[in-house]
Amino acid sequence: MRIKDARVIVTSPGRNFVTLKIVTEEGVYGIGDATLNGREKSVVAYLEDHVCPLLIGRDARQIEDIWQLLYRGAYWRRGPVTMRAIAAVDVALWDIKAKSADMPLYQLLGGRSREKVMVYGHANGGDIAETVDAVGQYIDMGYKAIRAQTGIPGVKDAYGVGRGKLFYEPADATLASVTGWDTRKALNTVPKLFEMLRATYGFDHHLLHDGHHRYTPQEAANLGKMLEPYQLFWLEDVTPAENQEAFKLIRQHTVTPLAVGEIFNTIWDCKDLIQNQLIDYIRATIVGAGGVTHLRRIADLASLYQIRTGCHGATDLSPVTMGTALHFDTWVPNFGIQEYMRHSPETDDVFPHDYSFDKGFLICGETPGHGVDINEELAAKYPYDQRQLPIARLEDGTMWNW
Ligand SMILES: O=C(O)C(=O)C[C@H](O)[C@H](O)CO
Ligand SMILES: [Mg+2]
């Protein structure tokens with residue numbers, strides 16, 4: 001089963017997506033997501049100039065060897081561009097293998113470990129009252145788990161507050177827009193939000209919160225401690241994780257569960273966090289961390305330490321990643337939760353898929369492969385639209401983590 005063609009499709013049905021399509025001589029094709037929000041064209045060039053030519057003529061069934069070829073063969077390892085390109089190839093090849101076997105992908109991974117996949121939605125509002133209402137709307141839709149983000153008085157465009165009630169789309173400007181940050185003000189606001197949420201809705205639902213890399217370890221420990229009475233499912237990306245040791249300090253001070261990893265690319269980014277049991281959930285996902293082949297290794301390492309998965313699933317991860325993640329989640333023994341930010345109807349039309357939502361759970365379909373396709377004719381109607389992620393600055397102008 002030789003690879004005859006490998007090409008990149010860029011489309012922007014409301015937001016940019018980069019998709020790799022691999023076609024075999026037998027005519028079986030697979031698709032993989034390579035979207036890197038705000039830096040899409042770097043992956044397009046990496047794939048078109050350096051990866052696609054290497055694939056032609058290779059046996060599409062040799063997924064592991066091709067993964068190793070792209071990882072070791074480049075000499076330059078890791079990083080978001082390289083690993084997204086590898087992920088796109090990997091997912092397209094798993095799609096081809098599963099289609100050839102006439103099986104949904106989860107069957108090839110080892111079969112079903114669960115009937116459905118618990119997801120969390122992203123509720124947000126300009127202030128606490130609005131966010132409390134937004135959480136209520138998710139509860140009405142049947143969600144069991146909801147991440148809550150609120151505007152913070154005195155902070156310009158706090159993280160996670162958007163125009164959409166069912167999603168949050170931060171890449172909103174051709175050149176990065178400037179938002180603000182103030183830890184003191186956040187620490188005054190976030191615990192009040194969760195106090196109000198528990199007072200309004202009780203303790204039956206899972207609540208989550210995203211710190212989006214803003215706090216220092218000490219501030220993060222303080223936030224985790226203040227949130228303990230509200231029993232969060234997790235506190236996410238509460239401090240940057242380049243220094244994995246930083247989580248030791250947070251861990252010593254709070255029992256609020258910690259999740260991290262949506263920007264991780266490889267097992268090396270989380271090895272110490274996992275082996276020292278410094279986190280409870282690993283957020284690495286298919287497109288970010290080298291595809292099914294590599295994410296599986298991360299999940300297996302995590303399982304040794306009772307750490308569970310919690311794949312990133314924002315709108316910048318295309319339906320191809322969502323579909324593949326759902327097959328992964330359906331199989332992976334140490335599943336925790338899956339993030340689910342809904343795509344626009346335009347995006348759903350460009351990427352027809354067979355997964356469905358039912359009362360707080362997503363269910364992957366039984367179509368052979370990962371169950372997501374691309375309508376190329378429709379995709380061609382949405383040309384690339386240059387957008388960047390915002391940046392964050394403190395009140396005095398100091399550059400901070402967005
Ligand atoms: O969904 C999340 O948890 C995020 O933190 C979303 C990120 O800001 C987004 O994926 C950036 O492109
Ligand atoms: Mg996040």
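One-based numbering, in listed order, for ligands and for the atoms of each. We number each residue from 1, following the sequence as shown.
For Asp210, the nearest N, O or S atom to the Mg ion (ligand 2) falls under 2.8 Å. Within the 2.8 Å limit, Glu262 places at least one N, O or S atom next to the Mg ion (ligand 2).
For atom 5 (O) of ligand 1, the closest heavy atom belonging to the protein is Glu262 OE2, 2.6 Å. Given atom 8 (O) of ligand 1, the protein heavy atom at minimum distance is His212 NE2, 2.8 Å. The nearest heavy-atom contact from the protein to atom 10 (O) of ligand 1 is Asp316 OD1, 2.8 Å.
The residue among Arg147, His312, Arg15 with a heavy atom at the shortest distance from atom 3 (O) of ligand 1 is Arg147.
Within the cation-pi definition used here (under 6.0 Å to the ring centroid, within 45° of the axis), Lys144 does not qualify as a partner of Phe233. Relative to the six-membered ring of Phe17, Arg15 meets both conditions, a distance below 6.0 Å and an angle of at most 45° to the axis. Figure legend: Arg342 and Phe357 shown as a cation-pi pair, the cationic atom lying under 6.0 angstrom from the six-membered ring centre and within 45 degrees of its axis. Annotation: cation-pi pair Arg198/Phe203 present, NZ/CZ under 6.0 Å from the ring centroid and within 45° of its normal. Judged by the 6.0 Å distance and 45° axis criteria, Arg214 is not positioned over the aromatic ring of Tyr159.
Taking every non-hydrogen atom of Arg283 and a distance limit under 4.0 Å, the qualifying atoms of ligand 1 come out as 2 (C), 3 (O). The atoms of ligand 1 that sit less than 4.0 Å from any heavy atom of Asn37 are 12 (O). Every atom of ligand 1 with a heavy atom of Asp210 under 4.0 Å away is listed here by number and element: 2 (C), 3 (O), 4 (C), 5 (O). Listed by number with element, the atoms of ligand 1 under 4.0 Å from a non-hydrogen atom of Ala314 are 1 (O), 6 (C), 10 (O). Residue Glu236 approaches ligand 1 through these ligand atoms, each under 4.0 Å from one of its heavy atoms: 2 (C), 3 (O).
At least one heavy atom of Met341 sits less than 4.0 Å from an atom of ligand 1.
A salt bridge links Arg147 with Glu339; the closest basic N to acidic carboxylate O contact falls under 4.0 Å. For the pair Arg251 and Asp280, the salt-bridge criterion is met [side-chain N within less than 4.0 Å of a carboxylate O]. Taking 4.0 Å as the cut-off between side-chain N and carboxylate O, Glu245 and Lys248 count as a salt-bridged pair. Of the charged side-chain nitrogens involved, at least one lies within less than 4.0 Å of a carboxylate oxygen, so that Lys99 and Asp95 count as a salt-bridged pair.
Only the side chain of Glu339 comes within contact range of ligand 1, with a heavy atom under 4.0 Å; no backbone atom does. Contacts of Asp237 with ligand 1, taken as heavy-atom pairs under 4.0 Å, are absent altogether. At a heavy-atom cutoff of 4.0 Å, ligand 1 is contacted by no atom of Tyr340, backbone or side chain. The side chain of Tyr159, and not its backbone, has at least one atom closer than 4.0 Å to an atom of ligand 1 (non-hydrogen atoms only; side chain from C-beta on).
In terms of polar-atom proximity, defined here as any N/O pair under 3.5 Å, Trp402 makes no such contact with ligand 1. For Tyr120, no nitrogen or oxygen atom sits less than 3.5 Å from a nitrogen or oxygen atom of ligand 1, counting backbone and side chain alike.
Of the residues Leu47, Asp49, Leu54, the one that meets the side-chain contact (heavy atoms from CB on, under 4.5 Å) test with Val51 is Leu47. Partner of His209 under the side-chain contact (heavy atoms from CB on, under 4.5 Å) criterion, out of Val238, Asp237, Thr256, Val190: Val190 alone.
For Glu236, the N, O or S atom closest to the Mg ion (ligand 2) goes by the atom name OE2.
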Audit row: Ile307, Asn334, side-chain contact (heavy atoms from CB on, under 4.5 Å) steps and yes/no: CA-CA 7 Å; Ile307 293 166; Asn334 49 326; 5.9 Å; no
